[in-house]
Protein chains: 2
Amino acid sequence: MPYDPSAFPAFAVTVDLVVLTVRRDAFCALVVRRGEEPFRGWWALPGGFVRKDEDLVTAAARELAEETGLHAQDPGSPPAGAHLEQLATYGDPGRDPRMRVVSVAHLVLAPDLPAPTAGGDAGGARWMPVDQLLGASGAGAPSERLAFDHNRILGDGVERARSKLEYSSLAAAFCPPQFTVGELRRVYEAVWGVSLDPRNFHRKVTGTPGFLVPAGGTTTRQGGRPAQLFRAGEATLLNPPMLRPEV
Amino acid sequence: MPYDPSAFPAFAVTVDLVVLTVRRDAFCALVVRRGEEPFRGWWALPGGFVRKDEDLVTAAARELAEETGLHAQDPGSPPAGAHLEQLATYGDPGRDPRMRVVSVAHLVLAPDLPAPTAGGDAGGARWMPVDQLLGASGAGAPSERLAFDHNRILGDGVERARSKLEYSSLAAAFCPPQFTVGELRRVYEAVWGVSLDPRNFHRKVTGTPGFLVPAGGTTTRQGGRPAQLFRAGEATLLNPPMLRPEV
DNA sequence: TCAATAGTGTCTGTGAGACACTATACT
DNA sequence: AGTATAGTGTCTCACAGACACTATTGA
C-alpha cells in the first residue's frame, strides 16, 4: 500500500507508572486520586501524555518527578534515585471512553519515601498495599478498584517486579543507599509474601560476587547484634538466581 | 491540568514484528524489502499501522497473516500456529523521519515454513540468519543493516527469545506439531549458538513433567535409531529452568 | 561392517533448604 | 537474665555436567 501520512488514525500516547516500594514490611504501589471524569474520585496509576518531542522513557521520568519528586536512576550516579524500565503497552480500543489512547506503562522501583506529596494536578496521592488493590494471593477480590485498566497494568508490574527479584539484583532498588542483609531480606519477604531463612539468605547474598559491597560501618537500627552495612554492587544479573520458594 | 482532548499531540501507532524461526539449524528472522522511501530497498521488519478500532495484538496477528500467511496461536487450538507476544514499544522522536511514530513491537516464534511469500505490499520477504543481521556473538559487525531502529528491535526480540527458552517450554513453538527430542535439542543449539550434551538434554526434557507428551509413533527422519515423537505438553513454565551454558 | 542417532546408567561437584550453634546488641 | 537479630557450620537431597555404555536404524 502506498504511504499516506494523512491516512493513519491518530492516537493519543500516554505513559502510566507502576511505582512500587516497600514500606513497613508491606509491598505498596503509588496511586493518585482522579480529579475529573471519567472515574472522578477513583484511585488510578499516575501518568500523563507524552509530549511532542519527548522520548518515552523521558516522559516517564518527567511524570515520576512531577508526581512524586523522585528522580529516576541516571546511569552513572550509583546510589541515587529509583529504577525505571518500560513495562508493557496497553492499547485496547475503549480502554479510555473518551478517545483512542495507547498507554506505555513503566515500572519504577523506589526505596521507601517519606510521603508521596502529589506534585501538581492530582487531587491526592498515597501508597497502598498491592494486596489491597489486587486481592491477596489467596484469591480474595481486591478491596479497591483502580480506574481504567489500571488493575491489569498494576498486576503486570507487580508480577514483573516479583520475577525480577529472582534473577537480578534489583531488590536493592527498594533499599536506601546503605542497608543490611536483614533489611534486604525483608524486601524479598514483603515482595514475595513469604518467609525466608535468614541464615541461608545471608549465605546466598553475601556469597554471590558483585551483589553486595561492604560499606564499612554497622548499624543496630533493627535491634539485636549490630549488622554490617552494604551497598549494591555492580552485578545486575544474579547467577545462579534466587528462586522463590513454594514451587 | 484540566483535560483537553485537543491538546494532546497526535501520534501514529504501528506494530512491528520480530518473526523468528529455526531453518536448517540456523536461527533466522523474517525481513521484508522496503519498496518506498525512506530506506527504499533496505531490509526491514514487517509491520504496519494499527487500525482505528483494533487491539494491538489483533493488529500484530493481522500483519503476521498478511505478510506471511501464518496464523497466531488461538488459545485452545494446541498444535496450530505460532506463538505471539508483545515485546516492547519504541517511540523515540525521530525514529521515523516523516513523523512521530510509536511502534509496539511483537515477537513471533514460528516453526520452519516452506517459503515466506510476501503477502501484499512488501517487495520481497526472506528469512535471514540473525547473526548476519546483528553480528555474530563474537562482536562482529552486522553484515546487513535494517531500516529505522529495527536492528535494535530485532536485538531485543532475539534476546527475549533466547532467555525465554530457559524458563519456558516455548522452544516447542519452533518445532512442527510432532517432533523428537533431538529436533528440540537442535532448536536450543541454534537459538543459543551452543552445543548441548544429547544425553543430559534428553534426561532433562523428558524428566520435566508437562513439558513433553509422547505422541505415539517414532521417526527416522534424522537418521540413526528411530526416535520417539512428542508433542508439547501443558506446562508453560519450566521449573527448574534449563540454563544456558557458558556463564 | 561402520556410522549415525536414540536412550540409560553412573559419578561428581555445586548449591538450596533445614537447622544447630555462636556472637553481640538492648531491656 | 531474657530476647532480639547477625552470622557460621554442617548435613542432606536435587540436579547439572561429564561420560561409559547399550539399542536400533541405514549405508
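Below, read A as the first sequence line, B as the second, and so on, with proteins coming before strands; counting in each chain starts at 1.
Within the 4.0 angstrom heavy-atom criterion, no nucleotide atom of any strand lies near Arg221(A).
Here the nucleotide nearest the side chain of Ala227(A), chosen from dC15(D), dG7(D), dA6(C), is dG7(D). Side chain of Asp197(B), nearest nucleotide from dC19(D), dA6(C), dA6(D): dC19(D).
Between Arg244(B) and Glu159(B) a salt bridge is recorded (basic side-chain N to carboxylate O distance below 4.0 Å).
For Gln222(B), the side-chain contact (heavy atoms from CB on, under 4.5 Å) criterion is met by Glu183(B), Arg186(B), not counting sequence neighbours.
The backbone N or O of Val104(B) lies less than 3.5 Å from no partner atom in the side chain of Gln86(B), so there is not a single donor-acceptor pair. Arg162(A) places a side-chain N or O within donor-acceptor distance of the main-chain N or O of Val191(A), the cut-off being under 3.5 Å. For Ser169(B) (side chain) and Ala235(B) (main-chain N/O), a donor-acceptor pair under 3.5 Å exists by modelled atom type. Proximity of a side-chain donor or acceptor of His150(A) to a complementary backbone N or O of Leu45(A) within less than 3.5 Å is detected.
Atoms OH (Tyr167(B)) and C1' (dA16(D)) sit 21 Å apart, rounded to a whole Å. In this structure, the CG atom of Leu243(A) is 21 Å from the P atom of dC13(D), given to the nearest Å. If you measure from atom CG of Asn239(B) to atom C1' of dA14(D), you get 12 Å, rounded to the nearest angstrom. With rounding to whole Å, Glu183(B) atom CD is found 12 Å from dT5(C) atom C1'. Taking atom CD of Glu166(A) as the reference point, atom P of dA16(C) lies 13 Å away to the nearest angstrom. One atom, CZ of Arg186(B), and another, C1' of dT5(C), lie 8 Å apart when rounded to the nearest Å. Taking atom CZ of residue Phe201(A) and atom C1' of nucleotide dT5(D), one finds them 15 Å apart after rounding to whole Å. Taking atom CD of residue Gln222(A) and atom P of nucleotide dA23(C), one finds them 23 Å apart after rounding to whole Å.
Between Asp16(A) and Ser103(A), the side chains place a donor N or O and an acceptor N or O closer than 3.5 Å (distance only, hydrogens not considered). With no hydrogens or angles considered, a side-chain donor-acceptor pair links Asp156(A) and Tyr90(A) at under 3.5 Å.
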Anything under 3.5 Å between a protein N or O and an N or O of nucleotides 24-27 of chain D, put it in a table, one pair a line.
from: dT24(D); atom 1: O2; to: Arg225(B); atom 2: N; distance (Å): 3.4

Check: protein-nucleotides 8-12 of chain C nitrogen or oxygen pairs below 3.5 Å:
none

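Classification of the Tyr188(B)-Trp192(B) ring pair by plane angle, with boundaries at 30° and 60°, yields perpendicular.
Between Lys204(A) and dA16(C) there is a side-chain polar atom (N or O) within less than 4.0 angstrom of OP1 or OP2.
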